[in-house]
Amino acid sequence: MIRSMTAFGRAVRTGTPDGKNITVELKSVNNRYLDCTVKISRMYGFLEDRIRQYVQANGISRGKLDVYVGVEVVENVGMTVDIDRALAKSYIDALKALRDEFGLADDISVMSVAQNRDIFNITKPEEDAERDWLVIKPVLDEAIAAFLKVREAEGERLKNDIFEKLVKIEGIVAEIKTHSEEDISSYRTKFETRLKTLLADNAVELNPNMVLTECAIYADRVAIDEEIVRLGCHFKAMREIFTSDEPVGRKLDFLMQEMNRETNTIGSKASNPDIAAMVVEVKSEFEKIREQLQNIE
């Protein structure tokens with residue numbers, strides 16, 4: 001299943017058995033590699049690495065991914081809050097000094113001091129660590145499932161769009177092949193006619209072998225059969241890659257480079273302005289596909 005790197009997923013669970021409301025959100029944009037940032041309150045920071053590894057284990061391999069885990073404690077179970085009295089005293093003394101030195105209003109209150117969260121020590125039993133994970137994990141699973149569903153839907157849309165462009169390109173390449181064959185076929189007639197006219201003025205007989213040799217050299221110089229065949233193989237390979245269940249973005253990037261290389265070679269060999277114009281059109285469609293591939297995981 002092809003997946004886009006741009007997606008969003010969210011899950012919410014309220015009133016968990018240990019008195020919490022859990023919110024998990026995942027959102028991602030394009031990135032060459034996986035860059036996963038987990039945002040979770042400091043109280044549950046010990047789960048950050050575990051969440052990151054768990055997300056990656058669920059098949060998310062590319063994209064700049066932000067994972068937000070919000071834990072609202074509705075009822076404290078086995079949790080205590082203590083005051084760091086030494087720090088609190090230092091903080092209050094600093095506020096008083098600031099007030100006296102600058103003549104500020106004396107509005108030091110419990111609420112203003114409490115804004116400094118560092119003066120509180122929040123402790124929770126070590127044995128709660130696994131319980132917290134087991135509470136967050138089902139919500140994380142739900143958010144990941146929603147996130148992947150969006151990625152897959154967008155990936156399917158991208159695939160269909162790319163396939164439409166691929167069909168158009170194949171049609172243009174077929175026209176290029178026809179024009180090239182017609183050019184090579186007509187070159188002998190044109191060359192032979194010009195040569196006969198030139199030699200007739202000097203009463204020189206035309207040498208058929210010379211004509212054949214010149215035509216063979218020209219055909220070898222402008223022939224694009226190999227490039228056309230390789231492009232056909234690349235088109236087939238692209239369709240096959242899209243059937244893979246693995247991340248395919250990098251493979252498709254490489255394949256696009258190869259297709260551009262073959263198209264550039266065709267363009268360099270083209271002496272027919274119609275072929276040159278069609279090569280430009282093919283490259284334009286390739287660029288549109290390349291932009292779409294930047295979204296694929």
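If you're wondering where the values come from, they're calculated on a predicted model, not measured in any experiment. What you see below is based on every heavy atom in this structure, not just the backbone, and it leaves out hydrogens, waters and symmetry mates.
Side-chain heavy atoms closer than 4.5 Å link hydrophobic residues (I, L, V, M, F, W, Y) into clusters, and following such links, possibly through other members, connects Val135 to Met43. Transitive grouping of hydrophobic side chains (ILVMFWY, heavy atoms separated by less than 4.5 Å) keeps Leu104 and Ile108 in distinct clusters. Under the 4.5 Å side-chain contact rule for hydrophobic residues, Val12 and Val38 do not share a cluster. Using a 4.5 Å cut-off between side-chain heavy atoms of Ile, Leu, Val, Met, Phe, Trp and Tyr, with links allowed through other members, Val279 and Val229 fall into different hydrophobic clusters. Criterion: ILVMFWY side-chain heavy atoms under 4.5 Å apart, direct or through other members. Under it, Leu98 and Ile92 are not part of a common hydrophobic cluster.
The heavy-atom pair separating Ile60 from Leu34 by the smallest distance is O-CD2, 3.4 Å. Contact detail for Asn31 and Met5: the closest heavy-atom pair is O-SD, 3.4 Å. For the pair Leu140 and Val67, the tightest heavy-atom approach, listed with the atom from each and the gap, is CD1-CG1, 4.5 Å. Taking all atoms of both residues into account, the shortest heavy-atom contact from Asn21 to Thr14 is OD1-CA, 3.2 Å. Scanning both residues, Asp118 and Leu87, for their nearest heavy atoms gives O-CD2, 3.2 Å. Between Leu26 and Ala143, the shortest heavy-atom contact is CD1-CB, 3.4 Å.
Annotation: the span from Glu246 atom CD to Ile2 atom CD1 amounts to 10.5 Å, rounded to 0.5 Å. Going from atom CD1 of Ile266 over to atom CD1 of Ile275 covers 9.0 Å, rounded to the nearest 0.5 Å. Considering CD of Glu72 and OG of Ser41, their distance stands at 11.5 Å, rounded to 0.5 Å. With rounding to the nearest 0.5 Å, the separation of CD1 in Ile172 from CE in Met278 is 8.5 Å. In this structure, CD on Glu287 lies 11.0 Å from CD on Glu285, to the nearest 0.5 angstrom. One finds the CZ atom of Arg151 at 8.0 Å from the OG1 atom of Thr6 (value rounded to the nearest 0.5 Å).
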Handout entry: Pair Asp253-Arg290, salt bridge (Lys or Arg N to Asp or Glu O under 4.0 Å): steps then yes or no
Key = CA-CA 7 Å; Asp253 285 341; Arg290 190 191 67 79; over 6 Å; no

Practice task
Walk me through it: do Ile289 and Leu252 pass the test side-chain contact (heavy atoms from CB on, under 4.5 Å)?
Solution key: CA-CA 10 Å; Ile289 291 178; Leu252 292 170; over 6 Å; no

Practice task
Could you please spell out the steps behind the side-chain hydrogen bond (donor to acceptor under 3.5 Å, both in side chains) verdict for Asp66 and Ser28?
Solution key: CA-CA 6 Å; Asp66 290 324; Ser28 68; over 6 Å; no

Exercise for the section: Please step through side-chain contact (heavy atoms from CB on, under 4.5 Å) for the pair Thr37 and Leu65, ending with a clear verdict. Expected result: CA-CA 6 Å; Thr37 301; Leu65 175 66; over 6 Å; no

Exercise for the section: Under the side-chain contact (heavy atoms from CB on, under 4.5 Å) rule, what do Asn121 and Val81 come out as? Steps first, then yes or no, please. Expected result: CA-CA 6 Å; Asn121 294 322; Val81 179; over 6 Å; no

Handout entry: Residues Lys159, Glu156; criterion salt bridge (Lys or Arg N to Asp or Glu O under 4.0 Å); working and verdict
Key = CA-CA 5 Å; Lys159 184 188 78 170; Glu156 185 68 16; 3.4 Å; yes

Exercise for the section: Would you check, one step at a time, whether the test side-chain contact (heavy atoms from CB on, under 4.5 Å) holds for Ile119 with Val113? Expected result: CA-CA 9 Å; Ile119 69 174; Val113 174; 3.8 Å; yes

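Between Asp132 and the choices Arg50, Lys20, Lys137, the salt bridge (Lys or Arg N to Asp or Glu O under 4.0 Å) rule is met once, by Lys20. Screening Ile51, Val139, Val71 for a side-chain contact (heavy atoms from CB on, under 4.5 Å) with Val24, the sole residue that qualifies is Val139.
Of the possible donor and acceptor atoms, one in the side chain of Thr265 sits under 3.5 Å from a partner among the backbone N and O of Arg261. Side chain of Arg52 to backbone of Cys36: a donor-acceptor contact under 3.5 angstrom is found. Of the possible donor and acceptor atoms, one in the side chain of Arg250 sits under 3.5 Å from a partner among the backbone N and O of Arg32.
With contacts defined as side-chain heavy-atom distances shorter than 4.5 Å, the pair Val173/Phe235 qualifies. Side-chain contact between Thr23 and Val69: absent, with no pair of heavy atoms (C-beta onward) separated by less than 4.5 Å. The side-chain heavy atoms of Ile296 and Phe242, taken from C-beta on, include a pair separated by under 4.5 Å. Using a 4.5 Å cut-off on side-chain heavy atoms (C-beta onward), Val150 and Phe8 make no contact. For the pair Leu293/Ile162, a side-chain contact is recorded, criterion being any heavy-atom separation below 4.5 Å from C-beta on. Side-chain atoms of Val248 and Glu297, non-hydrogen and from C-beta on, never get closer than 4.5 Å to each other. With contacts defined as side-chain heavy-atom distances shorter than 4.5 Å, the pair Phe120/Asp84 does not qualify. Side-chain atoms of Met259 and Val282, non-hydrogen and from C-beta on, never get closer than 4.5 Å to each other.
For Arg10 and Glu25, the salt-bridge test passes: some basic side-chain N is under 4.0 Å from an acidic carboxylate O. A salt bridge is absent between Asp100 and Lys96; no separation between the charged side-chain nitrogens and carboxylate oxygens falls under 4.0 Å. Ion pairing between Lys168 and Glu164 fails under the 4.0 Å rule for side-chain N and carboxylate O. Electrostatic pairing of Glu170 and Lys236 does not count as a salt bridge here, judged by no charged N lying under 4.0 Å from a carboxylate O. Ion pairing between Arg157 and Asp161 fails under the 4.0 Å rule for side-chain N and carboxylate O. Using a cutoff of 4.0 Å between basic side-chain nitrogens and carboxylate oxygens, Glu152 and Arg3 are scored as salt-bridged. Ion pairing between Arg230 and Glu226 holds under the 4.0 Å rule for side-chain N and carboxylate O.
The cationic atom of Arg239 (NZ for Lys, CZ for Arg) lies less than 6.0 Å from the six-membered ring centre of Phe163 and within 45° of the ring axis.
A 6.0 Å sphere centred on NZ of Lys251 holds no more than 12 heavy atoms belonging to other residues, nucleotides or ligands. More than 12 non-hydrogen atoms from other residues, nucleotides or ligands lie less than 6.0 angstrom from CD of Glu258.
The aromatic rings of Trp133 and Tyr54 stand perpendicular to each other, their planes meeting at an angle above 60°, with 30° marking the opposite boundary.
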